[in-house]
Amino acid sequence: MHFGRIPAFVGTARFSQGIGPASGSACGAEAVCAWFRPVGKGKRAAMRWSRYFVPTLRDNPADAEVVSHQLLLRAGMVRQLASGVYSFLPLAWRVLLKITQILREEMDGIGGQEFHLPALHPAEVWRESGRWEIMGDNMFHLRDRKGAEMCLGMTHEEVFSSIARKELRSYKQLPQIWYQIQTKFRDEPRPRSGVLRVREFIMKDAYTFDLERSGLDKAFNDQRTAYRRIFDRCGLQYAIVHASSGTMGGSESSEFMVLTDAGEDHIAICSDCGYAANLEKAASKIPSVTDEAGPSAPVKFPTPNVRTIDDLEDFPGGAPARSQIKTLVYFGDGQLMLVLMRGDHELNETKLADTLGISAIRPGHPEEIREALGASPGSLGAVGVEGLRIIADRALESRKNMTTGANEDDFHLRGVDIARDIRVELWADLRSVREGEGCPVCDERLSVRRALEIGHIFKLGTKYSETMGATVLNEEGKEVPIVMGSYGIGVERIMASAIELNHDPDGIVWPMTIAPYQVVVTPVNINQAAQRETAEAIYRDLSAAGIEVLLDDRDERPGVKFKDADLVGIPLRVTIGPKKLASGQVELTSRRARETRDVPRDVVISEVRREISAELERLAPKL
RNA sequence: CGGGGCGUGGCGCAGCCUGGUUUAGCGCGUCGGUUUUGGGAACCGAAGGUCGGUGGUUCGAAUCCACUCGCCCCGACCA
């Protein structure tokens, strides 16, 4: 823990790597140690607000929109360095350390072993897994001085797999549960929402290695339980939802979602049976439509200036949206394809990509579309189309007498019988579920809510072990691919969602478990000896009791100190004022309850301890 | 990548359209002093700005033009 004081170490670091004195000592040793420093037992130098770096702001910076971003800035916890890149100041770092401490305890609790892998990767391992191409511009690429291609790690399946394939040879070594808490780099197309979608962030990522599917099932369930304990302990309310596995691959995945409008995902949830799924995955039941018999063949009719579903609904001789076929053109896997939806339904692109098993799809460009179909969007249809893949949403199955574009500008077809007139290659659930539709499990009504992803667990299976050759010998001496799982948690997102869920007009209301400090001791007037001395004494006693306490010894007016304490969100405040102190009393305020009560000075320590215990009890994991 | 917006002391903004009367202002914050001390004090005094950058137009540019960098929002995309 004290490498920084060993001259040889500092000297070596400085000369061999050419880094300055500051990084040589502070960064080289202490910053690393900070990851491992246990939080909460500090009994050293007094934590005095007057000396503590907490640059609070009165006004909201103009470019902060979401609450967590505004409050993190105003509370003097974070500062932006670049778009999607944030510096964490001491208060925020304490919160993050407390969160990572909980992560460690729960990962260790299910047998996890902590690693620390490089953030800088050779291109090679990503080429092997095939994700160098798939990740594309989302990955930060660079070259070393020899010109070799490298990248900054977006995630660590590849690196962990490369260790596993070299070192794991026998089934006797399995199962393994490996994890780390590491910085990830993703060159987001659009960083946003403060610390919620960023380009550099801390992730707890875990990987399990098993011989068989059954082992993976157990590992997956253990992780799921650990995740529930973690988020319970962090004071978050969340939903566990079925999710798409996207570019991670794998067979099954669940996301842990905090219900907040600051999130960018949408989830469908059933309050009755508990069904919950990301809209990228959610299914629903919708009433079936009975069509009247139509003509024996499609009938073309002129529709001047009709370009949209709505236009055609209003057009004389048109059709209601539910009797229209929406024809979308997508490009993916090197080819154009037609995607058919009911007129009033919306395509979910992730469902389409998942159905096709490809990662990158995009809408066709107007020129491509015109070249392929001879018409522009607004007049497209699939009737008689040959040579293009045609994928249709299940809601269109066995529909008759439908109306769709004629692939001739300003003309549509009516009387289309899908089974008879369109060569559908693949039927799939492609539509986005909407509020109020039927739960696929119990038929109750689904609601659709905005949510923020804070964790995601995947059953990877053998995707990476096969492409990267990570195998072991089983009991019969046969070489088999290792069955893997992958499990991630966004550390800053826990911090930010805790704020999204716990704040009031005055500022943050930290859950006791992750609060930067548990108590702040505030003398109303630091210049009055009695108040000052009492505050110092209470501070010492609390500190000695192992409580995380901050002493607000600033020579400020009380209002300033109260406002800052509220803004920063410290759960408890002991206030020492002149009148009450004269009768041997101090005040104990709960930030969350916004309640203040008088407490005799000589029992304040035990009262504080009791309040903390009660809060920790409230946040104790339920399983 | 498409669309929109914004860069003026630490934070929030005005000034720009209609170039010079501005020594570039205002509120908050900061520093010094005095009086204060239970919910962001009052008064006095002070510091702090290459007006994002470069180039141009002009007698003269924060202001007009071109290019460029950065940031934010919506969409696309994304763990």
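Sequence lines set the chain letters: A, B, ... in the order given, protein chains first and strands last, and positions in each chain run from 1. All values below come from the heavy atoms of this structure, side chains included, with hydrogens, waters and symmetry mates left out.
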Does A:Arg74 reach a base, just sugar-phosphate, or nothing at all? Heavy atoms under 4.0 Å. base
Select base, sugar-phosphate, or nothing to describe what A:Asp59 touches, counting heavy atoms under 4.0 Å on all strands. base
Spacing between A:Leu57 atom CG and B:C11 atom C1', to the nearest angstrom: 6 Å
Base, sugar-phosphate, or nothing for A:Arg186, non-hydrogen atoms under 4.0 angstrom? base
Whole-Å gap separating C1' (B:G5) and CZ (A:Arg192): 16 Å
Just checking A:Asn60: base, sugar-phosphate only, or nothing, at a heavy-atom cut-off of under 4.0 Å? sugar-phosphate
State which of B:C28, B:C78, B:C74 makes the closest approach to the side chain of A:Arg190. B:C74
Scan A:Glu587 against the nucleic acid and name what it touches under 4.0 Å (heavy atoms): base, sugar-phosphate only, or nothing. base
Select base, sugar-phosphate, or nothing to describe what A:Pro61 touches, counting heavy atoms under 4.0 Å on all strands. sugar-phosphate
Check every strand shown and say whether A:Pro191 touches a base, only sugar-phosphate, or nothing at a heavy-atom separation below 4.0 Å. sugar-phosphate
Of all the choices, B:U37, B:C74, B:G38, which nucleotide is nearest to the side chain of A:Lys580 once you look at every atom? B:G38
Report which part of the nucleic acid A:Ser193 touches: base, sugar-phosphate, or nothing (heavy-atom distance under 4.0 Å, all strands). sugar-phosphate
If you draw a 6.0 Å radius around CZ in A:Arg228, do more than 12 non-hydrogen atoms from other residues or ligands fall strictly inside? no
Side-chain (A:Asp566) to main-chain (A:Gly569) donor-acceptor, under 3.5 angstrom: no
What contact category does A:Gly577 fall into here, base, sugar-phosphate, or nothing, at under 4.0 angstrom with non-hydrogen atoms? base
Below 3.5 Å, does any donor atom in the side chain of A:Asp566 face an acceptor in the base of B:G39, or the other way round? yes
So, does the side chain of A:Glu264 form a donor-acceptor pair with the base of B:A79 at under 3.5 Å? no
Pick the nucleotide of RNA chain B nearest each of A:Glu188 and A:Pro558; which residue has the one closer to the 5' end? A:Pro558
What contact category does A:Phe201 fall into here, base, sugar-phosphate, or nothing, at under 4.0 angstrom with non-hydrogen atoms? base
Among B:A76, B:C78, B:U37, which nucleotide has an atom closest to any side-chain atom of A:Arg197? B:C78
Considering every strand and a 4.0 Å limit on heavy-atom distances, what is the contact class for A:Glu453: base, sugar-phosphate, or nothing? sugar-phosphate
With a non-hydrogen cut-off below 4.0 angstrom, is A:Ala82 in contact with a base, only sugar-phosphate, or nothing? sugar-phosphate
A:Arg573 charged N/C atom sitting above A:Phe562 aromatic ring, 6.0 Å / 45°: yes
Contact class for A:Glu556 (heavy atom, under 4.0 Å): base, sugar-phosphate, or nothing? base
Please report the distance separating the C1' of B:G60 from the corresponding atom of B:C6, rounded so that it comes out in whole Å. 28 Å
For A:Arg573 and B:G39, what is the distance between atoms CZ and C1' respectively, to the nearest whole Å? 8 Å
On RNA chain B, more 5' by nearest nucleotide between A:Leu196 and A:Thr575 is A:Thr575
What nucleic acid atoms does A:Arg554 come within less than 4.0 Å of, heavy atoms only: base, sugar-phosphate, or nothing? nothing
Nearest-angstrom distance from the residue atom NZ of A:Lys561 to C1' of B:U37: 8 Å
Hey, which of A:Glu157, A:Gln223, A:Lys459 is the one that makes side-chain hydrogen bond (donor to acceptor under 3.5 Å, both in side chains) with A:Ser486? A:Glu157
Determine whether more than 12 heavy atoms belonging to other residues, nucleotides or ligands lie under 6.0 Å from atom CZ of A:Arg74. yes
